[in-house]
Amino acid sequence: MSLTRNQIRLLIGAVIAVLSLVVQPRMSAFAQELFAEAAILAIFALSLDILARSGLVSFGHAGFLGLGAYAFGGLTVLQNWPAGAAVFVAIAIGIVVGLIVGIFAVRTSGAFFIMVTLAMAEMFYSWVFRSPIFNGADGMGGVPRLDIKSLTGLDLNNPVSFATFCIVMCILAWIVVEFIAITPFGRTLDAIRQNPNRISALGGRVFSYRLAAFALSGAIGAFAGVMKVQHTNFLSPDLASWIISGDVLIIAVIGGMGTFVGGIIGAGLLVYLKEILSSNFGHWYLFLGGIFIFVALVLPRGIVGTFLDWTDGRRASKSAPAATESET
Amino acid sequence: MTTLETRKLCKSFGSLAVTQDVTLTFASGKRYAIIGPNGAGKTTFFNLLAGNLRADSGHILLDGRDISSLDVTSRAHIGIARSFQRNNLFPELSVLDNIAMACALQQGIAPSFWKPMKSYTGLRNDALAVARQVGLEDDAQIAVRQLSYGSQRQLEVALALACKPKVLLLDEPTSGMSPQETARMDHLIKNLPRDITTIVIEHDMDIVLEFADEIVVLDYGRVLEQGTPAQIKASSIVRQRYLGEEGQAVGSRAP
Ligand SMILES: Nc1ncnc2c1ncn2[C@@H]1O[C@H](COP(=O)(O)OP(=O)(O)OP(=O)(O)O)[C@@H](O)[C@H]1O
Ligand SMILES: [Mg+2]
C-alpha cells in the first residue's frame with residue numbers, strides 16, 4: 001500500500017460522498033430522512049473536529065448548534081427574513097459568538113476548557129428555555145427550508161432533494177475543513193495540538209490561532225444548526241442541550257478524533273444505530289452506550305484513526321530501514 | 001556593542017533562590033558559554049531570557065530596550081530563539097515539517113489559510129537549508145518519534161536556527177549524544193554565523209573552551225566568575241569549586 005495516511009483518509013471520504021449521493025435517491029423516503037439527519041450531524045462533528053485539531057475538546061458544542069438554529073429560526077419565523085439571508089447571518093453570529101466566548105474559553109485547555117464550553121452552552125440553553133421570544137421550553141414550529149428551486153431545480157421540501165442537499169453541504173463542509181487543514185494555518189493548529197509551548201517559543205501566538213479555530217468551529221457549528229432546524233422545521237431548546245454536545249463528542253471520538261472523515265462515519269453510525277435500537281429496545285440509549293464503550297476499548301484511536309495506524313504499521317514493515325532508525 | 005543585558009536578575013522557586021542578582025552583558029556577535037554544576041540555575045537563566053519564566057526582579061534589555069515584561073512569543077518575535085535541554089519537538093511531524101513550521105512562523109506565513117502549505121516552495125527550501133545545516137538532510141522525511149535521540153537533539157537546534165535569531169540560546173545541545181554526534185554538533189555550533197550572539201550551556205569543557213569567546217560560571221544562581229577561556233582556566237576559585245585537575249567539569253552527566 002503506497003498511499004499516504006492523508007490520501008487514504010481523503011479516499012475514504014470521497015467513497016462515502018459518492019456512495020451517499022448515488023444510493024440515497026434510490027432508497028425509501030424514511031431512509032432519506034436518516035441520510036439528511038446523518039449528513040447534518042456529520043457537519044456538526046466536522047465543526048468539533050476542526051477545533052480538536054488545535055488540541056481543544058469542547059463539551060458545549062451544542063451551544064453553536066442551538067445558536068445557528070435559533071438565529072435562523074428567529075430571523076425567518078419572527079422577522080420574516082428570507083431564508084437565504086438568514087443562513088449567512090446565522091453563520092456570522094456563530095463567528096461573532098465564537099470570538100467572544102473564545103476570548104474566555106481558549107485561555108484554558110483540557111478539563112477547564114470542557115467546563116467553560118459546557119457552562120457557556122448551558123447558559124444559552126437556559127436562556128432559550130425561558131425566553132418568551134422563542135416560546136421557551138415548548139419551542140417554535142414553522143421554520144422554513146431554503147428555496148433553491150429556481151437556482152438548482154431542487155425542491156427542498158421533497159425528502160430526496162433535501163437529503164441530497166444535506167449531503168452536498170456536508171461534502172462542502174468536509175472540503176473546507178480538509179483544505180484548511182493543509183494550509184499553513186491548519187498545519188499550525190495541528191502543531192499546537194502536539195506542542196503548544198514550542199509554538200509559543202517559535203513566536204506563534206497560540207491564543208490567536210485557537211481563537212480563530214474556535215470562531216471557525218462556531219461558524220460551521222452554527223451552519224449545522226441552520227441545517228438541523230430546516231430539517232425538523234422546529235426550534236427547541238433541546239438543540240442546545242448538553243446531551244447533543246455529548247453525542248457529537250462521542251461521534252468524533254468513535255470515528256477518530258482529528259481525522260474529519262471519522263466524524264462523518266461516526267455520525268452515520270449514530271443515526272443508524274439509534275434507529276435500529278430505538279425501534280427494537282426500550283432502553284436503547286443503554287445499548288448505544290454499551291456499543292460505544294466497546295468500540296472505544298477495541299479501537300482506542302477511533303474507527304478511522306485505528307485503521308490509519310494499522311496502514312502506517314503495514315507501510316513501516318514494508319520499508320524497514322525507516323522504522324529501524326528509531327532504536328537508540 | 002551590547003545586544004543582550006541583564007540587570008540584577010532574580011528568580012526564586014519558593015525559598016530556593018535559583019537566580020540571584022545576575023548582571024551580565026552579551027556583546028553582539030560574540031559567543032558565550034555558561035557552565036556550572038547541576039542545579040546551578042543555568043536553564044532557569046535561559047527561561048528568564050527567553051521569557052518562559054518571569055523574573056521576580058531585575059531587568060532584561062535587548063539592544064537597550066527593556067523587554068522584561070514581554071512574554072515568550074513576543075521575545076521570539078524580536079529575535080530571541082532557544083533550544084531546550086529536554087527535546088521539545090512536534091512528535092508527529094517529519095523533520096522537515098518541524099523545521100518548516102518554525103520557518104512559517106518566522107516568516108509570518110503561519111496564519112494564512114488560503115493556500116496549501118505545500119505551495120510555499122520557498123518555505124520548503126528554507127527548511128531544507130536548515131536541515132542541511134544541522135546535518136539532518138538524510139532524515140528529512142522521518143517522523144520525529146522514529147528519530148534517534150541524537151538526531152532529535154540536532155532538530156532541537158534546527159528549530160531555534162530556523163527562527164533566524166539575533167540571540168541564540170542553546171541549552172546543552174550535546175547532552176546524551178554519542179561521541180560522533182557530539183563531534184558533529186561541535187562542528188555545527190562552531191560554524192554558526194558570526195552575526196548571531198550565541199549563548200551555549202554546555203558541560204563538555206573541550207567544546208566550551210574552544211567555542212566560547214567568554215565563559216560565565218554560575219553557581220547556586222550567582223555569577224561565580226566570568227572571563228575568557230584562558231582566564232577561566234586560570235581562575236583559582238573556578239578550579240577549586242568547579243573544575244577538576246584536568247580541566248574536566250565536575251558533575252557533568254547524561255540527561
Ligand atoms: N519550575 C521549577 N519549579 C521549582 N523548582 C525549579 C523549577 N525549575 C528549576 N527548579 C530548581 O531550580 C534549580 C535550578 O534548576 P536549573 O534547571 O536552572 O539548573 P541547571 O543549572 O540548568 O541544571 P542542569 O545542569 O541539571 O540542567 C534546581 O534545583 C531545580 O530543581
Ligand atoms: Mg539545565
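Numbered from 1 within each chain, the chains take letters A, B, ... in sequence-line order. No hydrogens, no waters, no symmetry mates; every other heavy atom, side chains included, goes into these values.
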For this session: Can you measure from NE2 (B:H77) to CZ (A:R205) and round to the nearest 0.5 angstrom?
Result: 6.5 Å

Exercise. Atom CZ of B:F90 and atom OG1 of A:T188: how far apart are they, to the nearest 0.5 Å?
Worked result: 9.0 Å

For this session: Could you tell me which residues in residues 171-182 of chain A have at least one non-hydrogen atom under 4.5 Å from a non-hydrogen atom of chain B, sorted by residue number?
Result: A:F179, A:I182

Looking at [X] and [Y], what are the two nearest heavy atoms and their distance?
X      : Y      : result
A:L202 : B:C163 : CD2-SG, 3.5 Å
A:Y209 : B:L105 : OH-CD2, 3.9 Å
A:P184 : B:I109 : CB-O, 3.4 Å
B:R82  : A:R198 : O-NH2, 3.4 Å
A:F185 : B:P111 : CB-O, 3.7 Å

Side chain, backbone, both or neither of [X] within contact of chain A (heavy atoms, under 4.5 Å):
X      : result
B:E156 : both
B:A50  : neither
B:N98  : neither
B:S119 : neither
B:A102 : both

Problem set entry | Check: B:L89 main-chain N/O paired with A:N195 side-chain donor or acceptor under 3.5 Å | yes

Exercise. So, B:E92 side chain and A:Q194 main chain: donor-acceptor pair closer than 3.5 Å or not?
Worked result: no

For this session: Could you check which of B:A76, B:A104, B:S112 has the highest count of heavy-atom pairs closer than 4.5 Å to chain A?
Result: B:S112

Exercise. Picking from B:A110, B:P116, B:A81, which has the most non-hydrogen pairs under 4.5 angstrom with chain A?
Worked result: B:A110

Problem set entry | Among A:S200, A:A201, A:G204, residue most engaged with chain B (heavy-atom pairs, under 4.5 Å) | A:S200

Problem set entry | salt bridge (charged side-chain N to carboxylate O under 4.0 Å, His left out) pairs, two or more places apart, involving residues 99-127 of chain B | none

Problem set entry | Residue pair A:N197 / B:V72, side-chain heavy-atom distance below 4.5 Å | no

Crowding at [atom1], [X] (>12 non-hydrogen neighbours, <6.0 Å):
X      : atom1 : answer
B:R86  : CZ    : no
A:F207 : CZ    : yes
B:F13  : CZ    : yes

Problem set entry | Contact origin within A:I199 toward chain B - heavy atom pairs under 4.5 Å | both

